[in-house]
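These notes are about the structure you will find just below.
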Amino acid sequence: MQKRQMFSGLNHVWSGWTHRVRQGALGAIAQNRLVQSLIARRWSILLLMMAFLLGRAMILDQLAPFAVAYFAVMYFLRRELLFWTGVFVAAGSLFSADPMHTGYIVAEMIVFVLIQKGVERFERSDISYAPLIVFTSTFFVQLFSHLAATKLSWYTLTMSGVGALLSLILTHIFLQAIPVFTLSRKNYNLKHEEVICLIILLASVMTGTVGWLIGPVTLEHVLSRYLILLFALVGGAPLGASVGVISGLILSLANSSAIYQMSLLAFAGMLAGLLREGSRMAVALGMLLGSSILSVYLGNQSEVLNSTWESVAAVALFLLTPRSVTQMLAKYVPGTQENLKSQQDYARRVRDVTANRVEQFSEVFKQLSRSFKQITADSAPLRREEEVGHFMNSVAEKSCGSCWKRKQCWDDKFYQTYKYMTDMMTEVELREDMTRKDIQPEWKKHCVKPDQVLEVMKQQYALYKHDQHWKKQIYDSRQLVAEQLSGVSQVMEDLAKEIKREGQELFMQEEQIRSALEELGLSIHSIDVISLDEGNVEIEIVHQYTRGFDECRKIIAPLLSEIVGEHIAVKSEESLERKEGYSTVVFASAKEYEVETGIAGAAKGGDLLSGDSFSTIELGNGKFAVALSDGMGNGERARAESSTALSILQQLLQSGMDEKLAIKSVNSVLMLRSSDEVYATVDVALIDQYTAQTTFLKIGSTPSFIKRGSEVFPVTANNLPVGILADIDVDLVSVQLEHGDTLIMMTDGIYDAPGHAVNKEMWMKRMITEIEADSPQDFADILLERVVRYHHGEIYDDMTVVVARVDKFQPEWATFSWPGMERIERPRTVS
């Protein structure tokens with residue numbers, strides 16, 4: 001029944017959460033469906049127009065590699081438009097100069113579809129096979145046509161191979177460029193190679209306009225210069241010149257008389273890109289100058305006039321282009337502000353979605369924890385009464401069911417009989433070996449079968465005790481699960497806050513740090529500011545590393561200390577395998593205090609395996625943990641208990657769980673992992689490396705001692721070891737340490753060394769005062785040696801001592817300022 005209630009509670013919590021998530025998702029889908037359909041329709045029209053122009057495009061007056069390559073890519077990316085793509089490609093081919101051009105293209109598309117369907121039949125279909133299938137279909141259609149027309153020669157065979165090879169290459173190019181128009185890209189992060197592929201696609205589309213004239217103006221020249229203006233405005237001189245070279249090359253292949261267009265467009269694109277910092281008019285002026293200068297040298301008067309009109313038409317189109325078009329194009333060009341902003345927006349959306357999802361799961365775990373606790377709390381008050389009633393009914397049925405005085409005892413004298421039975425049950429509970437002589441005289445007078453009742457009651461009590469044991473195990477398990485779920489919920493909530501906090505714009509600070517480092521002559525590849533929170537600064541820098549020169553610790557870290565306003569130190573340094581000579585260095589806030597530790601120990605009787613375990617570790621949140629645990633007894637079993645307690649506690653503390661909850665979780669695990677009576681002491685000191693504030697968690701452990709100069713004072717707590725009681729009270733003792741303090745933690749093998757006749761605390765304080773060692777390791781060795789000598793070399797119990805010294809952190813290199821350098825502005829913390 002309890003299991004059924006528990007699972008029904010879980011199902012209610014889970015169904016409620018999933019219902020809310022589903023409602024939110026459906027609302028968002030309904031809201032965006034109309035907008036997405038309109039955008040998809042607009043892009044579909046553009047893709048079909050491109051198909052028409054690519055169907056008409058030819059190079060060298062006899063090769064048409066564009067059409068089938070585009071058709072093949074659309075087969076994989078937009079199959080719902082495949083039929084209309086084929087129709088528009090065929091329609092465009094009707095306007096070409098070659099009358100046989102349409103037949104070749106249609107045949108190539110049909111052969112491609114047949115081969116692809118055959119590949120799909122054998123379940124080997126993949127988009128990576130598309131270029132090879134296009135090559136095969138193009139080559140064999142051309143070869144068959146030459147065989148049918150008896151025109152097969154080395155020249156025709158070579159041209160067929162060249163055309164098929166160009167189709168293969170263009171398929172590779174279109175596979176990278178067309179996803180920009182099909183809206184199938186997940187983000188706007190394009191590589192430089194993908195940008196080149198996009199330019200080749202657009203230039204190929206312009207090839208379909210070769211031969212179209214509007215008066216003296218040639219349409220492909222207008223479009224090529226318009227394309228230059230767009231990319232020059234977005235990407236500057238390098239991209240403008242690249243677009244000019246690619247456009248001019250492809251147009252010259254389509255029209256051999258326009259070979260000079262390649263140099264004209266490249267020069268015009270370079271001049272236009274150099275003036276991009278001005279405005280649109282400046283970019284347009286640069287293109288006009290570039291095209292006009294080369295037109296004067298390369299053509300006659302009429303050609304110069306026609307070229308000028310073409311440039312003016314391109315500029316008019318450019319000035320009429322909406323700003324949204326250039327902004328959308330800039331999102332795809334690496335290095336532009338729009339591209340960086342789009343990546344930031346994408347990362348911000350991913351971060352927000354992740355944070356919201358983590359918060360939702362945190363709420364789920366909270367509700368699950370409440371459900372477990374509620375089930376346990378609701379059943380606790382009634383459990384004792386129900387169990388007693390069930391016990392009494394079982395005894396009465398087995399002993400009184402066939403008795404001739406049953407009606408007289410349970411009907412006429414119910415309360416008196418019930419009282420006698422309850423008293424007897426109490427006696428059995430106190431004395432399980434109860435005999436007939438221990439039965440009360442009143443019960444002997446009242447009952448005719450007291451011996452039989454006693455035996456039945458003892459049997460039922462054994463069953464009752466067995467049931468109680470397993471019910472307690474279930475209860476403890478529920479409590480453990482509830483506490484663990486609560487702890488996980490807390491950790492996930494903190495993680496969600498951390499994810500939101502990392503979404504701060506730190507690009508201005510990155511540029512400030514970059515300019516300061518480059519003024520010193522350092523070659524900086526990239527800078528990534530992860531956090532600028534006070535006391536938690538983390539900056540990752542990739543730079544050229546020169547062997548023999550430690551620029552990181554001697555130059556960069558001191559400079560960052562001055563810029564940030566706090567001590568910065570090198571946290572880690574790792575060379576990059578991909579780029580020889582580069583290394584990734586992580587700079588982080590230097591701790592105000594540093595902790596040095598020393599450990600010494602000995603096993604009972606000089607054995608190799610001690611029952612004590614210890615751990616010294618930096619938790620990663622600015623805290624340093626020194627932990628010590630003593631398992632019950634000696635040897636392997638004690639070692640297993642103590643090491644388990646420390647390892648679980650360490651993992652829970654590193655995950656960010658609350659200290660009290662972590663200790664209670666360790667206690668529950670130790671209780672549930674074995675039915676035997678096992679326990680372990682836990683002694684933990686959490687040292688804050690920024691303030692030296694130290695929190696002690698002492699569970700059944702011996703006192704710790706702090707040595708400050710000539711003074712020694714103890715730190716104690718009165719708690720039982722973990723693994724004994726189901727519910728323990730955790731007392732946290734907080735102590736403010738100072739520079740030069742020495743913390744001494746020990747197990748009972750050392751603390752109990754003087755015996756019962758001596759004041760152990762006074763004896764240990766005197767022993768610690770007499771030790772003058774500066775190194776923690778020397779201090780631990782001397783203390784252990786003196787305790788062993790006190791017993792004349794005998795080791796009566798496992799002995800372990802951990803010594804930690806707290807000192808102010810002294811940076812190796814001082815800070816320095818550079819002329820014109822300003823202190824960095826820290827961003828506000830996101831709540």
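Reckoned from all heavy atoms, side chains included, excluding hydrogens, waters and symmetry mates.
In this structure, Thr138 contributes its side chain and Phe135 its backbone to no donor-acceptor pair below 3.5 Å.
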Step-by-step side chain to side chain contact (heavy atoms under 4.5 Å, CB included) determination, Met159 to Gln142 = CA-CA 9 Å; Met159 294 302 293; Gln142 294 289 336; over 6 Å; no

Could you walk me through whether Glu120 and Arg79 pass salt bridge (charged side-chain N to carboxylate O under 4.0 Å, His left out), step by step?
-> CA-CA 14 Å; Glu120 291 177 357; Arg79 189 170 299 188; 3.6 Å; yes

Glu80/Arg78 under salt bridge (charged side-chain N to carboxylate O under 4.0 Å, His left out): CA gap, chis, key distance, verdict = CA-CA 5 Å; Glu80 72 277 6; Arg78 291 293 296 272; 2.3 Å; yes

Give the intermediate values and the outcome of side chain to side chain contact (heavy atoms under 4.5 Å, CB included) for residues Val586 and Ile539.
-> CA-CA 6 Å; Val586 178; Ile539 302 172; over 6 Å; no

Would Phe71 and Met74 satisfy side chain to side chain contact (heavy atoms under 4.5 Å, CB included), going step by step from the backbone distance to the final call?
-> CA-CA 5 Å; Phe71 179 81; Met74 291 294 289; 5.9 Å; no

I would like to know whether Phe231 and Ile199 meet side chain to side chain contact (heavy atoms under 4.5 Å, CB included); could you show each step before the answer?
-> CA-CA 9 Å; Phe231 279 93; Ile199 297 171; 4.1 Å; yes

Give the C-alpha distance, both sets of side-chain angles, the deciding distance and a yes or no for side chain to side chain donor-acceptor pair (under 3.5 Å) between Ser93 and Thr102.
-> CA-CA 5 Å; Ser93 64; Thr102 303; 3.0 Å; yes

Test Thr321 against Tyr226 for side chain to side chain donor-acceptor pair (under 3.5 Å), laying out the working first.
-> CA-CA 10 Å; Thr321 301; Tyr226 173 69; 2.6 Å; yes

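When side chains are defined from C-beta on, Thr584 does not count as touching Glu573, because their heavy atoms never get closer than 4.5 Å. Residues Tyr70 and Phe66 form no side-chain contact, since every pair of their non-hydrogen atoms from C-beta on lies 4.5 Å or further apart. In this structure the side chain of Met281 never reaches within 4.5 angstrom of the side chain of Leu285, judged on heavy atoms. Lys117 places a side-chain heavy atom less than 4.5 Å from the side chain of Val113. Residues Thr136 and Ile115 are in side-chain contact: their nearest non-hydrogen atoms beyond the backbone lie under 4.5 Å apart. Between Pro179 and Leu77, some side-chain heavy-atom pair lies under the 4.5 Å cut-off. Inter-residue side-chain proximity for Val89 and Leu54 is flagged as unmet; no heavy-atom pair is nearer than 4.5 Å.
Atom-to-atom distance recorded for Ser224:OG and Ile246:CD1 is 13.0 Å, nearest 0.5 angstrom. Between the CD1 atom of Ile250 and the OG1 atom of Thr207 there is a distance of 5.5 Å, given to the nearest 0.5 Å. Taking CG from Leu275 and CZ from Arg280, the interatomic distance works out to 15.5 Å, rounded to the nearest 0.5 Å. Distance CD/Glu310 to CG/Leu264: 9.5 Å, rounded to 0.5 Å. Distance OH/Tyr104 to OG/Ser145: 4.0 Å, rounded to 0.5 Å. Taking CZ of Phe318 as the reference point, atom OG of Ser311 lies at 13.0 Å (rounded to 0.5 Å).
Within a 6.0 Å sphere centred on CZ of Phe76, heavy atoms belonging to other residues, nucleotides or ligands number more than 12.
When all heavy atoms of Ala232 and Gly269 are compared, the pair lying nearest together is CB-O, 4.0 Å. Shortest non-hydrogen contact noted between Gln176 and Cys197 is NE2-SG, 3.8 Å. For Ala284 against Leu229, the heavy-atom pair with the smallest separation is CA-CD2, 3.9 Å. Taking each heavy atom of Ile228 and Gly244 in turn, the nearest pair found is CD1-CA, 3.8 Å. The two residues Leu239 and Val195 have their closest heavy-atom pair at CD1-CG1, 4.0 Å. Between Arg56 and Gly92, the shortest heavy-atom contact is CB-O, 3.3 Å.
Note on ring orientation: taking the six-membered ring where Trp is involved, the planes of Trp212 and Phe52 are tilted (angle from 30° to 60°).
Looking at Ser247 and Arg225, their side chains never bring a donor and an acceptor atom within 3.5 Å of each other.
When each of Thr171, Val73, Leu175 is tested with Ile127 by the rule side-chain contact (heavy atoms from CB on, under 4.5 Å), just one qualifies, namely Leu175.
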